[in-house]
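Every chain is numbered from 1, with letters handed out A, B, ... down the list of sequences. Since the model is a prediction, treat every value here as computed from it, not as a measurement. The figures that follow rest on heavy atoms only: side chains count, while hydrogens, waters and symmetry mates do not.
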Amino acid sequence: MNVPDHLLYCDSHEWIDPTTPEAAPVGVSDHAQEELTDVVYLELPAVGRIVKKGEAFAVIESVKAANDIYAPASGEVVAVNEALVESPESVNTDPYGAGWMVKIRLSDPAELSGLKNAESYREFLS
Amino acid sequence: MNRSPLHDRHLALGARIVPFAGWEMPIQYQGIVAEHQAVRNAVGIFDISHMGEFEVEGPGALNWLNGLLTNDLAALAVGEGQYTLLLNENGGVIDDLIAYRTGEERYFLVVNAARIDQNREWMLAHPGEGVTFHDRSAELGAFAVQGPKAIAVWHEIEPGAGVMPAHNRISELGQVILCGTGYTGEEGFEFFAPVEEIGGWWDRFVAAGAIPCGLGARDTLRLEKCFPLNGNDLDEVHTPIEAGLGFFVKLDKPGGFIGRDSLESQKEEGIPTRLSAIRLLDKAPPLRHGYEVLAANGSGKVAELTSGSLSPGLGLGVGLAYLPSEMSRPGTELLIAIRDKTYPAKVVKKPFV
């Protein structure tokens, strides 16, 4: 299972890249994409939307089911990965790269301390 | 929760197991889309050990079954089968099943897992003379081998076994029962054997190249072909005429059958609803069971989807719903409500693929 060291993770299997808090990329983990399998559709929020940590702000759909995506941190959505509209399978093939979903300008970076680092997320999965 | 005799094999193959109709069954192994394509292009194998099997025998078997089922069993020669329905007094569907004639006075019925008890109780509550009824569901395991290479795989395993039964035919090889049917719209067969033997047969088919497929792919495959799923698309309220299954209802057979009168009046007076195939027009979320179907003119909800998914073949959301008859004509425009949005859709001719 691929769990990159530089990211932070939620119990609900989203990841966030904390190194660029003005536009922090968010996606779902390798474990999540493997559980979902066959991502076929994403419903992403509009740029400018204000999200609160823990809020369901996007929907990811496999053939079988629709699942909510929860915001790992509060802030404003400053970018949305439009390429996923045509290629939702990028979430499966490259969950930490081309499969990023939104970028959030963090309003309260201190919230990140409540997330898991790579080591504790690996432990959580095991 | 019941366990299939193939359960350990599913775990070893990395299947994801879900509860279904009182059974723990594999929903997928590698992924629904890959399994779906394996069946359309090559050959897949599905565990269907959860399904029920009844054997009915005796001089009264034909008349008894014909009084319970909508299709006409008198039309069957030994070795032939037919799709048929068991109805309640109002013409609602208790179950859809396949009935095979396996001897002069002997029949083999394959019924849905979720309805084994209802079938048996209903049938035994309407006893017939000169009939023995045997529920073999617990004795038999089963799998379906489906796809354009299904027959080739069988010949690789049993080169001397003779011809695979044609569509809707049955043959018995010792303890093994082979039925030329399936639920995917592809060539293939259902394979029944005693629970203690089914695993060895499964292994031989998998070794010969049949790709293990789960209930997820089974659902997308059957939905693309508009085969109804009992409990979703068939229920005890709607009749087979409304479900578009009138071909399997023989109103004029001698002696009639339970539910016949309701169906006859529907044929004369018209049906209130029709199970219709609905397809999204553009890329949109997959359709799901329970989504609301709205009139395109904004006049509101007209139905709910009884089945829905993404069609891997079309790359679009597809579903079924009992639409008011006047809205069921192919080409009729509709809207589907998904979360807080609506998406354009239309009624299309069955099947989708």
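Each side chain to side chain donor-acceptor pair (under 3.5 Å) pair with one or both residues in residues 11-25 of chain B, not counting sequence neighbours, appears once here: Arg3(B)-Glu24(B). Screening residues 17-30 of chain A for salt bridge (Lys or Arg N to Asp or Glu O under 4.0 Å), with sequence neighbours left out, gives no hits.
Closest approach of Pro286(B) to Ser62(A), counting heavy atoms only: CG-O, 4.0 Å. Closest approach of Asp38(A) to Gly31(B), counting heavy atoms only: OD2-C, 3.5 Å.
Note on Glu61(A) versus Arg288(B): salt bridge recorded, some NZ/NE/NH1/NH2 to OD/OE distance being below 4.0 Å.
By number of non-hydrogen pairs under 4.5 angstrom with chain A, the leading residue of Gln28(B), Arg339(B), Lys283(B) is Arg339(B).
With sequence neighbours left out, the ring-ring contact (aromatic ring centres under 6.0 Å, His included) criterion links Phe20(B) to His50(B).
Using a 4.5 Å cut-off between heavy atoms, Ala65(A) contacts chain B through its backbone alone, with no side-chain atom that close. If you measure heavy-atom distances from Val59(A) to chain B, the contacts under 4.5 Å come from the side chain alone.
Lys346(B) NZ: 12 or fewer foreign heavy atoms inside a 6.0 Å radius. Taking a 6.0 Å sphere around NZ of Lys301(B), one finds it holds more than 12 heavy atoms contributed by other residues, nucleotides or ligands. Environment of CD in Glu333(B): sparse, with no more than 12 heavy atoms of neighbouring residues, nucleotides or ligands closer than 6.0 Å. For Gln30(B), the CD atom is loosely surrounded, since the number of other residues' heavy atoms within 6.0 Å does not exceed 12. Residue Lys350(B) places its NZ atom among more than 12 non-hydrogen atoms of other residues, nucleotides or ligands, all under 6.0 Å distant.
The contact list for residues 100-126 of chain A toward chain B, using heavy atoms and a distance under 4.5 Å, is empty.
None of Leu215(B), Ile27(B), Val18(B), Leu310(B) except one satisfies the side-chain contact (heavy atoms from CB on, under 4.5 Å) rule with Lys64(A); the exception is Ile27(B).
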